[in-house]
Amino acid sequence: MSDLFTASERDAVHRVIKARRDIRHFSSRPVPEEAMHRILEAAHHAPSVGFMQPWNFIMVTSRDIRRQIKDSFERTNRQQLAQLTEKERKELYRSLKLEGIMEAPVNVAVTCDRRRDAPFVLGRGPMPETDLYSTCLAIQNMWLAARVEGIGIGWVSILDKSFVEKLLQLPEGVELVAYLCVGYPERFGDKPMLEELGWKKRLALGDLVFENAWGQRLSSFQTTEED
């Protein structure tokens, strides 16, 4: 494997990163098995602390299980909505589509097996949460690999985690990290959905880069305005 990449390959990587979107509106077009395999293969090649590879992927094909997870979303979503007091913010939240559990052709629960390679995982001892972080890297790989295929992924985090873990029969020591809806989107937005709809703007990168200590901005750091 060559350790050199062309300028066009570099640009393609940055293009797919910026084109990734959290998708909620899916078409009924099925996801080809070979495409799904490539997406999971990309996930499985994510970095992990101590080469722990703590992830598993549960393909949720049961409509009944999906319906129960959708019900969990709806209950939790009502609780989240009730926390908002500002009228305009509450109306905007109510208008957002925040899941595609029943519409998406594929549902995948991504888990972290915190027991894997126990009791000693190289590099994990001082920061035991790194197994969870490693699982998130696998999810990011999935997202980017899917985008290259023209496939979208939506992360549903508005769930009762304990309920879903029990429903999926996760053993003790295995945690749900993400519940993903996967499929061809109705569209890929020019901007992230929450930015398009006015929930929040992208922060300026220059305000987030410090030098040597928290809050000390790196004055020489220049950023370009993003679309």
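Worth knowing before you read on, the calculation uses all heavy atoms, side chains too, and leaves out hydrogens, waters and symmetry mates.
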Engineer: Below 4.5 Å, heavy atoms only, C-beta onward: do E103 and C181 meet side chain to side chain?
Structural biologist: no

Engineer: Evaluate whether atom CZ of R89 has more than 12 neighbouring non-hydrogen atoms of other residues, nucleotides or ligands under 6.0 angstrom away.
Structural biologist: yes

Engineer: Between E196 and R187, is there a salt bridge with N-O shorter than 4.0 Å?
Structural biologist: yes

Engineer: Where is the tightest heavy-atom contact between F26 and P105, given as atom of each residue plus distance?
Structural biologist: CB-CD, 4.5 Å

Engineer: Does any part of the side chain of F188, heavy atoms only, come nearer than 4.5 Å to the side chain of I23, both counted from C-beta?
Structural biologist: yes

Engineer: Atom OG in S72, atom CG in L167: separation rounded to 0.5 Å?
Structural biologist: 9.0 Å

Engineer: Donor-acceptor check, side chain of E211 to backbone of Q216, threshold 3.5 angstrom: yes or no?
Structural biologist: no

Engineer: If I take atom NZ from residue K200 and atom CG from residue L203, how far apart are they, to the nearest 0.5 angstrom?
Structural biologist: 4.5 Å

Engineer: Evaluate Q80 against L98 for side-chain contact (heavy atoms from CB on, under 4.5 Å), listing each step before the verdict.
Structural biologist: CA-CA 12 Å; Q80 293 296 298; L98 299 175; over 6 Å; no

Engineer: Roughly how far, to the nearest 0.5 Å, is CZ of R15 from NZ of K18?
Structural biologist: 12.5 Å

Engineer: If the test is side-chain contact (heavy atoms from CB on, under 4.5 Å), which one of I101, T76, I69 qualifies with V156?
Structural biologist: I101

Engineer: Indicate yes or no: at least one non-hydrogen side-chain atom of N107 is less than 4.5 angstrom from one of I65.
Structural biologist: no

Engineer: Checking L180 against W143 for the side-chain contact (heavy atoms from CB on, under 4.5 Å) test, could you report, in this order, the C-alpha distance in whole Å, the side-chain angles of both residues, the deciding distance, and whether it holds?
Structural biologist: CA-CA 10 Å; L180 305 177; W143 233 324; 5.7 Å; no

Engineer: Looking at side-chain heavy atoms only, is the closest gap between N77 and Y93 below 4.5 Å?
Structural biologist: yes

Engineer: Looking only at heavy atoms, what is the nearest atom pair of G152 and P185, with distance?
Structural biologist: N-CD, 3.8 Å

Engineer: What's the separation between atom CG in D71 and atom CZ in R75, rounded to the nearest 0.5 Å?
Structural biologist: 6.0 Å

Engineer: Donor-acceptor pair, distance only, cut-off 3.5 Å: does the side chain of R147 make one with the backbone of I153?
Structural biologist: no

Engineer: Scan the side chains in residues 112-120 for donor-acceptor partners under 3.5 Å anywhere in the protein, sequence neighbours excluded, and list what turns up.
Structural biologist:
from : atom 1 : to   : atom 2 : distance (Å)
D113 : OD1    : R115 : N      : 3.0
D113 : OD1    : R115 : NE     : 2.9
D113 : OD2    : R115 : NH2    : 3.2
R114 : NE     : D131 : OD1    : 3.4
R114 : NE     : D131 : OD2    : 2.8
R114 : NH1    : E175 : OE2    : 3.2
R114 : NH2    : P128 : O      : 3.2
R114 : NH2    : D131 : OD1    : 3.0
R116 : NH1    : Q53  : O      : 2.6
R116 : NH1    : W55  : O      : 3.1
R116 : NH2    : N56  : OD1    : 2.5

Engineer: Less than 4.5 Å apart, side chain to side chain, heavy atoms only: is that true for E91 and L84?
Structural biologist: no

Engineer: List the atom of A145, the atom of A42, and the distance in Å for their closest heavy-atom pair.
Structural biologist: CB-CB, 3.6 Å

Engineer: I'd like to check D22 versus P192 (side-chain heavy atoms, cut-off strictly below 4.5 Å). Are they in contact?
Structural biologist: no

Engineer: Please step through side-chain contact (heavy atoms from CB on, under 4.5 Å) for the pair C136 and V177, ending with a clear verdict.
Structural biologist: CA-CA 8 Å; C136 289; V177 176; 4.1 Å; yes

Engineer: Taking the side chain as every heavy atom from C-beta outward, state whether Y179 and V60 have any pair of such atoms under 4.5 Å apart.
Structural biologist: yes

Engineer: Kindly say whether K191 contributes a backbone atom to a donor-acceptor pair with the side chain of R21 at under 3.5 angstrom?
Structural biologist: yes

Engineer: Output yes when E41 and R38 qualify as a salt bridge under the 4.0 Å nitrogen-oxygen rule, no when they do not.
Structural biologist: no

Engineer: Got I39 and M36 here, is their nearest side-chain heavy-atom distance under 4.5 Å?
Structural biologist: yes

Engineer: At their closest point, which heavy atom of T130 faces which heavy atom of V49, and how far apart are they?
Structural biologist: CB-CG2, 3.5 Å

Engineer: I'd like to check the side chain to side chain contact (heavy atoms under 4.5 Å, CB included) partners of S157; sequence neighbours left out, ordered by chain and number.
Structural biologist: W155

Engineer: Distance from D160 atom CG to Q68 atom CD, nearest 0.5 Å?
Structural biologist: 12.5 Å

Engineer: Applying the salt bridge (Lys or Arg N to Asp or Glu O under 4.0 Å) test to E99, which of R66, R24, K70 qualifies?
Structural biologist: K70

Engineer: Using the ring-ring contact (aromatic ring centres under 6.0 Å, His included) criterion, which residues pair with F210? Sequence neighbours excluded.
Structural biologist: W214

Engineer: CZ of F163 to CG of L168: how many Å apart, nearest 0.5 Å?
Structural biologist: 9.0 Å

Engineer: So, does T111 use its side chain to make a donor-acceptor pair with the main chain of V174 at under 3.5 Å?
Structural biologist: no

Engineer: Is R217 reaching over with its side chain to a backbone N or O of G206, donor-acceptor style, under 3.5 angstrom?
Structural biologist: yes

Engineer: Honestly curious: do L132 and V110 fall in one hydrophobic cluster under the side-chain, below-4.5 Å linking rule?
Structural biologist: yes

